[in-house]
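Residue numbering restarts at 1 for every chain, and letters A, B, ... go by the order of the sequence lines.
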Amino acid sequence: MITVRERNLESRKVVDCPFTISRLRNPFMQTYLHSAILGALSEMGGAPDDFQPEFQQPGNPDHGDLACNAAMQLARHFRKAPRQIAEDLKIHLEALPVDPDRISAIEVAGPGFLNFRFSDVYLFKALSSVLEAGASYGRTHSGEGKRALVEFVSANPTGPLTVGHGRNAVLGDTVANLLEWTGFEVDREYYFNDAGRQMRILGESVQARYLAAVNPDLATKMIGDPPDETSVPEPFPEDGYLGGYITDIAIKLVGQDGLDPNDSEQFKKAAEKTIFADIEGTLGRMGIKMDAFFNEKSLYDSGQVWDIVEKFRELDLAYDKDGAVWLKTTAFGKEQDTVLVKSSGEPTYRLPDIGYHVDKLKRGYDRIVDIFGADHIATFPDVVAGTRALGFDADRIDVVIYQFVTLVRSGQPVKMSTRKATFVTLDELMNEVGEDVTRFFFLMRSPNTHLEFDLDLAKEASDTNPVFYLQYAHARIQSILRKASELGLGNGLEADVTLLTHDAEITLMKTLMGLPDSIVRAATHSEPHRLAGYLREVAVAFSQFYNHCRIVGEEEKLAAARLQLARATALVLCNGLTVLGISAPDRM
RNA sequence: GCGCUUGUAGCUCAGAUGGAUAGAGCGUUGGAUUCCGGUUCCAGAGGCCGGGGGUUCGAAUCCUCCCAAGCGCGCCA
C-alpha cells in the first residue's frame with residue numbers, strides 16, 4: 001500500500017497546531033468506493049442483492065476522510081463480528097487493489113468502521129479541477145433537462161414588502177439559484193390576486209384619503225379600539241389600510257385628469273400600480289427578478305377552477321350543503337370538510353390555490369417549490385392532497401415553510417403590527433443594514449426555525465458578523481493576489497501544487513472540494529443555510545491557512561503553489577456567495 | 001380541545017440516511033501575532049440534546065406518552 005499520506009501524517013504529528021478539520025463531501029469518491037466495496041464483497045461470498053454500502057464524513061480527523069459502515073450492516077448476514085468483516089473487506093480491497101492515486105490508506109476502527117484516507121495526488125487533482133472550472137465550479141448536472149418553478153413572495157399588492165416577506169423572497173430566490181446550479185431551468189413566479197376583498201378595501205382606503213385631500217372640510221371619524229384609536233376621513237373603511245403610503249398615493253392622484261372620485265375601482269388600480277412598482281423596486285435591490293406574475297384572476301377567466309369543482313364532484317370529493325360547495329378534506333385526513341365555493345357563488349381561496357397548482361403541474365415542471373409562511377402550515381396539505389386526488393403527480397411539489405422573523409434591537413424585540421402599520425419595511429431594513437447582510441441573515445438559519453434578526457449584530461462590521469467574515473476572507477485573498485502580481489511573484493512559473501503539504505493546506509484543499517456537493521444538498525432539501533454554513537467552513541480553513549502559510553516573502557516555487565490555492569479559495573467563496581445572491585468584494 | 005412546527009452550551013444556532021468522544025459563532029477566561037489587511041489566530045471553561053418509556057449492535061435523530069413555546073384550526077387570504 002502506498003502511504004504518501006501516511007508519511008505526511010507522521011511528520012505532522014510534531015506540528016504544534018491541531019486543526020479543526022472541516023467535514024468534506026465527495027460524491028465522486030463515494031461512487032468509486034461504492035463499487036470497490038461491492039466488488040470486494042462479491043469475492044467474500046456476496047452480500048444481499050439490495051445491499052448498498054453507506055458512507056459518512058467523519059467529524060474526527062483520526063477517522064480518515066470517508067468512512068463506511070458496511071461491516072456493521074452486514075454483521076447479521078455474515079453471522080460474524082463486524083470488526084472481522086471489516087478486516088476481510090480491507091484485505092480484499094487492498095488486493096483489488098484500490099487506486100493508490102485516490103486512496104492512501106484503509107483502516108479498521110471502532111465497532112467496525114472502514115476508514116479511508118485520500119491520497120495527496122487526489123487532492124492535487126481536485127485543486128487543479130477547481131481552478132480549471134473557474135466561475136462554474138460548483139455547477140452540477142443532476143437537474144439537466146429538467147424544469148423547475150419556484151413560487152415566492154406572492155404578497156398581494158396592498159402595501160410595501162415587510163421583513164417577513166423578505167425572508168420569503170430571499171429563500172425563494174436562493175432556492176431558485178441553487179436549482180439553476182444543479183442544472184435545472186428555473187422560472188421564478190409571483191402569484192397574486194387583485195380581485196379580492198383585500199384589494200377592494202385598499203382602493204376604498206386610497207379613495208377616502210383622496211377625498212379628504214381635495215376637501216379639507218370632509219368629516220372625520222374614529223376607528224379602532226382604545227388606546228389605538230385613529231382619526232380617519234368619514235368614508236374610510238372600518239378595516240382599511242392605515243399606512244402613510246396610502247395617503248402618499250392619494251395625494252399624487254390629486255388633480256389627475258379623468259379621475260372619477262366616486263369610482264373606488266380607479267383608486268384601486270392606481271394603488272396597485274404604484275405598490276407593485278414599489279415591490280419590484282424592493283426586490284430589485286436584493287437582486288431578485290421575477291420571470292412571471294401570475295394573476296389568480298386568470299384561473300377564473302379560463303374556467304379552470306370550475307372544471308376542478310366538477311372533477312371533484314365526479315370523484316365524489318365535493319358535495320353541496322347549505323348552498324355552498326364543500327370539499328371532503330376529511331378524505332385527506334382532516335377533521336372537517338372545508339368550503340370550496342361560498343353560497344354567494346364566490347370560491348374560497350382554497351379552490352384557486354388548487355387550481356394554480358394544477359396549472360403549474362400542467363405546465364410540465366419537474367419540480368415545483370412553494371415558499372410559504374408558517375401561517376399556511378395547515379392549508380397547504382389540502383392543496384397537495386387535492387392535486388393528487390385529481391390525478392397529478394403531487395410529489396413534484398415541495399413546500400418550504402418558514403417561521404416568522406423577529407427583529408431584535410438592543411436585546412429587545414421590535415414590536416410590529418400590520419394593522420397599525422408599525423411594521424418595518426424591507427426597504428427600511430436594507431437601508432439600515434445593507435442588502436448583503438439582509439440576504440445573508442435570512443439565509444443563515446434553517447427555514448423552520450424562528451429567525452432572530454439582531455440589528456445590532458447586522459450593522460457590526462467585524463468578525464462577529466458572519467457576512468463580513470466571509471466577505472473579508474475574499475477581499476483579503478484579492479489583496480494578496482494584487483500584492484503578488486505587483487511583485488511579479490510566480491510570473492512565468494508553472495505552479496507545482498505538490499508542494500502543498502502543510503496541514504492547513506491539506507485541510508483547505510479538502511474543504512474546497514466540498515462546494516458542488518454542498519450546493520446539491522442545499523438544492524435537494526431547499527435549504528440554503530447548508531451552503532451558508534459550508535462557506536463559513538471555507539473561510540475558517542482559509543484563515544488557518546493564511547495564519548500559518550505565508551505567500552508573499554516565501555520561496556518563489558512554494559509561493560506560486562500557494563497562490564493557486566488562494567485563487568481556488570477565492571473562487572469557491574465567490575461562487576458560493578453568488579449562489580446566495582451576495583457580493584464578493586475585492587476590497588472592503 | 002385538535003393539527004403542524006419547534007425545544008441541543010449563558011445567548012444565537014448547526015448536527016446529512018440512525019454511527020465512533022454531540023459541534024460552531026457570540027459572550028466569558030487565558031494566550032499568540034516585529035507579518036500578504038489586527039475585520040486575525042490558538043486554547044480553556046461551559047451539555048440530563050425539554051422529560052419519561054420503547055425500537056436495536058448503536059438514538060439528539062425513529063415510535064409513544066407527557067411538558068413548554070410559536071403558528072393555524074372562518075362560507076377571510
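- Taking the P atom of each, B:U8 and B:G70 are spaced 15 Å apart, rounded to whole Å.
- Using a 4.0 Å heavy-atom criterion, one finds that A:Arg536 contacts the sugar-phosphate atoms exclusively.
- Comparing B:U6, B:A20, B:G37 against the side chain of A:Arg476 picks out B:G37 as the nearest.
- Side-chain N or O atoms of A:Asp436 include one that pairs as donor or acceptor with a backbone N or O of A:Ser583 at under 3.5 Å.
- B:G37 has no base stacking with the ring of A:Tyr472 when judged by centroids under 5.5 angstrom apart and an interplanar angle below 30°.
- Comparing the P positions of B:U5 and B:A14 gives a spacing of 16 Å, expressed to the nearest Å.
- Distance CG (A:Asp239) to C1' (B:A77): 13 Å, rounded to an integer number of Å.
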Open item on the list: In dot-bracket form, 5' to 3', how is RNA chain B paired? Count Watson-Crick and G-U wobble pairs only if both distances fall under 3.5 Å, and write | where the partner sits on another strand.
Closed with: (((((((..((((.....[...)))).(((((.......))))).....(((((..]....))))))))))))....

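- Taking atom P in both B:G72 and B:C63, the straight-line distance is 25 Å, to the nearest Å.
- There is a side-chain donor-acceptor pair under 3.5 Å between A:Asp194 and A:Asn295.
- Remark: the A:Glu204 side chain and the A:Tyr241 side chain contain no N/O donor-acceptor pair separated by less than 3.5 Å.
- Going from the P atom of B:A24 to that of B:G46 covers 15 Å, rounded to whole Å.
- The aromatic rings of A:Phe372 and A:His376 sit parallel to each other, their planes meeting at less than 30°, with 60° as the upper class boundary.
- With a 6.0 Å cutoff to the six-membered ring centre and a 45° limit on the axis angle, A:Arg313 does not count as a cation-pi contact of A:Tyr319.
- Projected onto RNA chain B by closest heavy-atom contact, A:Asn69 and A:Arg550 fall at different nucleotides, the more 5' of which corresponds to A:Asn69.
- Using a 4.0 Å heavy-atom criterion, one finds that A:Asn115 contacts the bases of the nucleic acid, with or without backbone contacts as well.
- If you check every strand for non-hydrogen atoms under 4.0 Å, A:Ala566 touches nothing.
- As judged by a 4.0 angstrom heavy-atom cut-off over every strand, A:Cys68 is placed among residues making no nucleic acid contact.
- Salt bridge annotation for A:Asp382-A:Lys334: present, with a cationic side-chain nitrogen under 4.0 angstrom from a carboxylate oxygen.
- When rounded to the nearest whole Å, the span between CD1 of A:Ile477 and C1' of B:U39 equals 15 Å.
- Counting only distance, with no hydrogens or angles, the side chain of A:Arg350 and the backbone of A:Phe380 share no donor-acceptor pair below 3.5 Å.
- Nearer the 5' end of RNA chain B, as judged by each residue's closest nucleotide, is the contact made by A:Glu54, out of A:Glu54 and A:Ala109.
- Taking every side-chain heavy atom of A:Arg197 into account, B:C76 is the closest of B:C36, B:C76, B:U12.
- Across all strands shown, A:Phe192 has no heavy atoms under 4.0 Å from either base or sugar-phosphate atoms.
- Residue A:Phe442 is tested with A:Phe152, A:Phe453, A:Phe404, A:Tyr402 for a ring pair (Phe, Tyr, Trp, His ring centres under 6.0 Å); the sole match is A:Phe453.
- Among the atoms of the strands shown, base atoms are found under 4.0 Å from some heavy atom of A:Arg587.
- Atom OH in A:Tyr241 sits about 15 Å away from atom P in B:C76, given to the nearest Å.
- Considering only the side chain of A:Glu335, B:C2 comes nearest among B:A20, B:C2, B:C42.
- The nucleotide whose nearest atom lies closest to any side-chain atom of A:Ala475 is, among B:G37, B:C36, B:A14, B:G37.
- The residue A:Thr338 sits apart from the nucleic acid: no heavy atom pair falls under 4.0 Å.
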TODO: Assign a letter to each nucleotide of nucleotides 67-75 of chain B from its 5' end: B, base within under 4.0 Å of a protein heavy atom; S, sugar-phosphate only; -, no contact.
DONE: ---SBS--B

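- Closest contact between the side chain of A:Asn193 and the listed nucleotides B:A77, B:C41, B:G38 involves B:A77.
- Remark: A:Asp395 engages A:Arg388 in a salt bridge, criterion side-chain N to carboxylate O under 4.0 Å.
- What separates CG of A:Leu407 from P of B:U12 is a distance of 15 Å, to the nearest Å.
- The nucleotide whose nearest atom lies closest to any side-chain atom of A:Ser543 is, among B:G37, B:C41, B:A16, B:C41.
- Residue contacts shown for A:Ala484 are absent, as no nucleic acid heavy atom lies under 4.0 Å away.
- The side chain of A:Thr449 places no N or O atom within less than 4.0 Å of a non-bridging phosphate oxygen (OP1 or OP2) of B:U6.
- A distance of about 13 Å separates the P atoms of B:U12 and B:G7, rounded to the whole Å.
- Note: CD (A:Gln471) to P (B:G37) measures 18 Å, nearest angstrom.
- Per the geometry, CZ belonging to A:Phe380 stands 17 Å off C1' belonging to B:A77, to the nearest Å.
- A donor and an acceptor atom, one from each side chain of A:Arg476 and A:Tyr472, are located under 3.5 Å apart.
- Residues A:Gln304 and A:Tyr300 have side chains that never bring a donor and an acceptor to within less than 3.5 angstrom of each other.
- Between A:Ser446 and B:C13 there is no side-chain polar atom (N or O) within less than 4.0 angstrom of OP1 or OP2.
- With hydrogens and angles left out, the side-chain atoms of A:Ser446 and A:Asn448 include a donor and acceptor closer than 3.5 Å.
- Taking atom C1' in both B:A60 and B:G23, one finds a spacing of 12 Å when rounded to whole Å.
- No donor-acceptor distance shorter than 3.5 angstrom exists from the side chain of A:His34 to the backbone of A:Gln30, with no hydrogens or angles considered.
- The aromatic rings of A:Phe276 and A:Phe192 sit perpendicular to each other, their planes meeting at more than 60°, with 30° as the lower class boundary.
- Between B:G19, B:C41, B:A14, one nucleotide has an atom nearer to the side chain of A:Tyr469 than all others, and that is B:C41.
- If you check every strand for non-hydrogen atoms under 4.0 Å, A:Met444 touches nothing.
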Tabulate atom names and distances for all N/O pairs under 3.5 angstrom spanning the protein and nucleotides 55-58 of chain B.
residue: B:C57; atom: OP1; partner: A:Arg76; partner atom: NH2; Å: 2.4

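- For the P atoms, the distance linking B:G53 with B:A59 amounts to 14 Å, nearest Å.
- Atom P of B:C26 sits at a distance of 39 Å from the matching atom of B:C67, rounded to the whole Å.
- Taking the six-membered ring where tryptophan is involved, the planes of A:Phe116 and A:Phe55 are tilted, since the angle between them lies from 30° to 60°.
- Judged by ring centres under 5.5 Å apart and planes tilted less than 30 degrees, A:His63 stacks against the six-membered base ring of B:A20.
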